[in-house]
Amino acid sequence: MDLLSSLNEAQQQAVLHFEGPALVVAGAGSGKTRTVVHRIAYLLRERRVYPGEILAVTFTNKAAGEMKERLEKMVGGLAGDLWVSTFHSAALRILRVYGEWVGLKPGFVVYDDDDQGTLLKEILKDLNLEARPGQFRAVLDRIKNRLGGVGEFLREAPDFVAGVPKEQAAEVFHLYQKALRGQGAVDFNDLLLLAIELFEEHPEILAKVRQRARFIHVDEYQDTNPVQYKLTRLLAGEKPNLVVVGDPDQSIYGFRNADINNILSFTKDYPGAKVFRLEANYRSTAAILEVANAVIEKNTARLEKTLRPVKGGGEKVRLFRAPNAREEAAFVAREIARRGSFGQIAVLYRTNAQSRLLEEHLRRAGIPARLVGAVGFYERREVKDLLAYARVAVNPLDTLSLRRIVNTPPRGIGASTVGKLLEYAQKQGISALEAFRHAQQVISRPQQVEAFVRLVDDLIEAAYDTGPREFLKRVLEETGYLETLRAEPDGEERIANVEELLRAAGDWEEEVGGTLADFLDTIALTASAEEPAKRVQDGKLEDPEAGGDEVTLMTLHNAKGLEFPVVFLVGVEENLLPHRNSLSRLEDLEEERRLFYVGITRAQETLYLSYAEEREVYGKREYTRESRFLADVPPELLEEVSAFGSAGAAVVIRPAKVEEKKPLGAFKGGEKVRHPRFGQGTVVAALGAEVTVHFPSVGLKKLAVQFAGLERID
DNA sequence: GAATCCGCAGTTTTT
DNA sequence: CTGCGGATTC
């Protein structure tokens with residue numbers, strides 16, 4: 001297959017880039033992944049680069065999987081040796097090999113946000129600090145995500161953070177780190193920080209890894225944080241063959257310390273970097289793109305870029321003003337019912353809390369829907385309980401997990417017993433499990449604890465030679481956990497979740513394979529958005545692949561990178577989009593605007609915007625008004641619809657003819673044409689009455705369709 | 001030690 | 001409104 005012929009001029013240029021740094025500014029729907037995949041194939045085929053020298057970093061495991069799949073299709077078996085991974089997975093993989101060089105214990109586990117929160121809460125409680133754990137986690141993340149560490153934090157933070165003096169916050173941070181390491185655990189941020197530490201202290205290891213990453217691609221570069229930036233720099237080295245791909249207009253993870261400046265100043269950070277701009281948009285109609293462009297133009301933190309439609313014309317954007325959130329949801333359900341073909345439709349919102357009403361109305365209307373990434377599957381209590389058994393078996397030092405399972409299901413080992421045993425552990429300087437072994441010296445009725453220790457020892461033994469599925473089944477058998485669940489109010493659903501976990505474990509064994517410890521690693525690095533989606537119809541978890549014709553519900557953040565023929569973007573109102581917590585700072589407001597932009601650019605054909613003038617927040621009624629961002633939508637591209645009308649179909653209040661404001665003529669991107677003077681060429685983009693054509697003879701030309709006298713060649 | 005009840009805080013987004 | 005933690009009761 002020809003690597004270039006199916007690409008437009010800008011994409012080709014990017015693909016042909018060989019050595020040195022390059023920035024690919026890839027607008028929404030501009031064929032970004034395609035370009036990266038083709039470039040890798042080009043390196044392999046035309047430049048004779050070994051697959052074992054190429055690293056591609058993506059933002060999610062899902063994206064990594066998709067890229068790998070596409071590469072396999074293009075280059076076949078060679079793809080097996082490529083390194084395609086997220087930052088975190090890559091770091092973990094390195095630390096599994098070299099972790100001991102930076103003080104990690106062999107079986108260390110990765111704590112997720114939940115565990116991080118639990119640990120933090122305990123420390124705060126021990127110190128009698130009245131701080132909000134939620135806020136405190138943000139502080140912790142900040143310290144860990146911005147390189148400067150505690151020193152910088154103490155220098156630059158205000159005197160009080162999360163309700164406590166910053167010196168005390170720093171103390172909590174130290175205790176937290178100590179507790180983590182003490183039980184052989186690392187958190188998400190540690191993965192990257194320790195990788196950096198490893199590289200800086202052991203240049204020989206860095207040199208080795210660099211061999212494996214002579215050509216580096218970083219996708220979604222606009223979402224990298226300072227730590228990831230540093231890691232990239234280290235890997236790229238003195239002579240960086242580094243291609244970063246991204247779109248500052250889609251930078252929406254600032255709250256997680258992603259720094260949009262990483263992409264904005266790439267050409268300064270990497271002198272001599274080439275810049276390629278992918279602006280031809282293959283996804284959306286001209287109308288939708290014009291709206292998107294008009295909205296994002298208002299931002300200041302940008303790289304100049306305008307999306308150019310390949311598709312023509314299109315319907316106007318529809319706006320529905322609902323008297324309240326209930327009516328808004330009802331409108332969405334009615335419109336969807338009217339349209340049919342649910343699989344093409346997505347409903348996007350700013351906050352997860354908004355999904356509830358929508359779910360309810362869709363269910364009532366009998367519309368099948370799937371909820372992406374809401375209540376994390378791996379965050380459910382019953383799932384975490386079972387996995388805690390696995391974690392203890394793999395890493396007996398994991399006290400957090402040990403405490404979780406010690407009385408789950410209830411086996412007569414209550415809080416006071418555990419308290420005594422932990423105190424003993426502390427005093428003796430031994431691990432919690434060791435203290436459990438000495439139960440008869442500590443408590444008066446040690447039988448239950450002794451039985452529990454036997455169970456744990458059995459499981460530790462089993463963990464050596466048992467796959468995840470069988471291991472989990474064994475836990476169920478030996479603990480009688482299922483029976484306990486059955487007695488609970490929503491036991492049936494919980495049991496279904498347990499079954500789903502077993503199924504997931506079985507699938508993993510088939511598709512990936514490995515030890516129980518590997519399985520835990522996979523789970524730790526899987527984001528909720530990548531999990532099996534939740535079916536709204538029956539409330540149970542099912543295989544997302546199994547379904548087909550379902551409406552997709554998700555947050556704007558989760559929608560990045562996806563596209564749908566029909567998109568409903570709901571809650572376009574003040575305090576929600578932009579969110580109330582983002583109103584005071586300009587940077588935050590701009591990020592909210594980018595979120596709006598991301599939402600708009602998900603739509604291929606039809607875009608609905610809606611908001612509610614009244615909405616219940618925490619059961620309290622609140623009044624709101626339309627989002628300030630709506631003012632930036634060109635009025636002539638907006639069409640207001642009403643809920644009233646026969647059969648409940650949306651009725652256009654101000655019917656305006658859907659004029660083809662920018663007729664595209666007959667040309668489409670990729671088509672071959674002949675020009676009277678320039679000869680044969682390929683259409684790169686068609687924007688309104690103007691087409692951009694690449695001619696081998698003279699390069700890129702912008703031509704007016706009307707006058708150019710272009711002829712299509714078949 | 002376990003079960004039940006009450007009060008209050010929390011929801012912005014997540015690798 | 002929900003879910004969690006703490007207090008109260010069995």
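Reminder, nothing fancy here: chain letters follow the sequence lines and each chain counts from 1.
Between Phe59(A) and Tyr253(A), a ring centre-to-centre spacing shorter than 6.0 Å is recorded.
Positionally, the nearest nucleotide of DNA chain B for Ala415(A) lies more toward the 5' end than for the other of Ala415(A) and Arg256(A). In terms of position on DNA chain B, the residue among Glu592(A) and Arg445(A) whose nearest nucleotide sits closer to the 5' end is Arg445(A).
Closest to the side chain of Lys125(A), out of dT14(B), dG6(C), dG1(B), is dG6(C). When each of dT13(B), dT12(B), dC4(C) is scored by its nearest atom to the side-chain atoms of Asn352(A), the top-ranked nucleotide is dT13(B). Here dT14(B) is the nucleotide among dT14(B), dG5(C), dT13(B) with the atom lying nearest to any side-chain atom of Asn558(A). When each of dA2(B), dT13(B), dT15(B) is scored by its nearest atom to the side-chain atoms of Thr555(A), the top-ranked nucleotide is dT13(B).
One atom, CG of Leu576(A), and another, P of dT13(B), lie 11 Å apart when rounded to the nearest Å. Per the geometry, OH belonging to Tyr597(A) stands 19 Å off C1' belonging to dT13(B), to the nearest Å. Here dT12(B) presents its P atom at 16 Å from OH of Tyr349(A), a figure rounded to the nearest Å. Here dG5(C) presents its P atom at 13 Å from CG of Leu124(A), a figure rounded to the nearest Å. Gln448(A) places its CD atom 13 Å from the C1' atom of dA2(B), with the value rounded to the nearest Å. When rounded to the nearest whole Å, the span between CD of Gln354(A) and C1' of dC1(C) equals 15 Å. Atom CZ of Arg350(A) and atom C1' of dT11(B) are 10 Å apart (whole Å). Whole-Å rounding puts the Arg326(A) CZ to dC1(C) P distance at 11 Å.
In this structure, Arg350(A) pairs ionically with Glu592(A), as a charged nitrogen and a carboxylate oxygen lie closer than 4.0 Å.
Comparing dT13(B) with dC4(C), their P atoms sit 16 Å apart, to the nearest whole Å.
Between Phe436(A) and Phe452(A), the ring-plane angle classifies as tilted under the 30° and 60° cut-offs.
Distance alone, capped at 3.5 Å, places no donor-acceptor pair between the Asn575(A) side chain and the His579(A) backbone.
Note on Lys560(A): nothing from the nucleic acid sits closer than 4.0 angstrom, heavy atoms only. Looking at heavy-atom distances under 4.0 Å, Ser89(A) makes no contact with the nucleic acid at all. Residue-level contact check: Arg356(A) touches the backbone only, with heavy atoms under 4.0 Å from sugar-phosphate atoms and none from bases. Asp223(A) comes within 4.0 angstrom of nothing in the nucleic acid, heavy atoms only.
dT13(B) has no base stacking with the ring of His557(A) when judged by centroids under 5.5 angstrom apart and an interplanar angle below 30°.
Stem regions annotated for DNA chain C: B:1-10 with C:1-10, counting only runs of 3 or more consecutive pairs of Watson-Crick or G-U type with both contacts under 3.5 Å.
In this structure, Asp259(A) has no salt bridge (charged side-chain N to carboxylate O under 4.0 Å, His left out) partners at least two apart in sequence or on a different chain. A search for salt bridge (charged side-chain N to carboxylate O under 4.0 Å, His left out) contacts involving Glu587(A) returns Arg585(A), not counting sequence neighbours. Partners of Glu197(A) under the side-chain contact (heavy atoms from CB on, under 4.5 Å) rule, at least two apart in sequence or in another chain, are Val102(A), Leu194(A), Glu201(A).
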Which donor-acceptor pairs under 3.5 Å do the side chains of residues 412-424 of chain A make with protein atoms, sequence neighbours left out?
from	atom 1	to	atom 2	distance (Å)
Tyr424(A)	OH	Gln441(A)	OE1	3.1

Every protein N/O lying under 3.5 Å from an N/O of nucleotides 3-10 of chain B:
from	atom 1	to	atom 2	distance (Å)
dG10(B)	OP1	Arg132(A)	NE	2.9
dG10(B)	OP2	Arg132(A)	NE	3.4

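Checked options Leu482(A), Leu485(A), Thr479(A), Asp385(A); the residue passing with Pro409(A) is Thr479(A) (criterion: side-chain contact (heavy atoms from CB on, under 4.5 Å)).
Looking at heavy atoms from C-beta onward, Thr118(A) lies out of side-chain contact with Arg404(A) at the 4.5 angstrom threshold.
Phosphate proximity of dT11(B) to Asn581(A): absent, as no side-chain N or O sits under 4.0 Å from OP1 or OP2.
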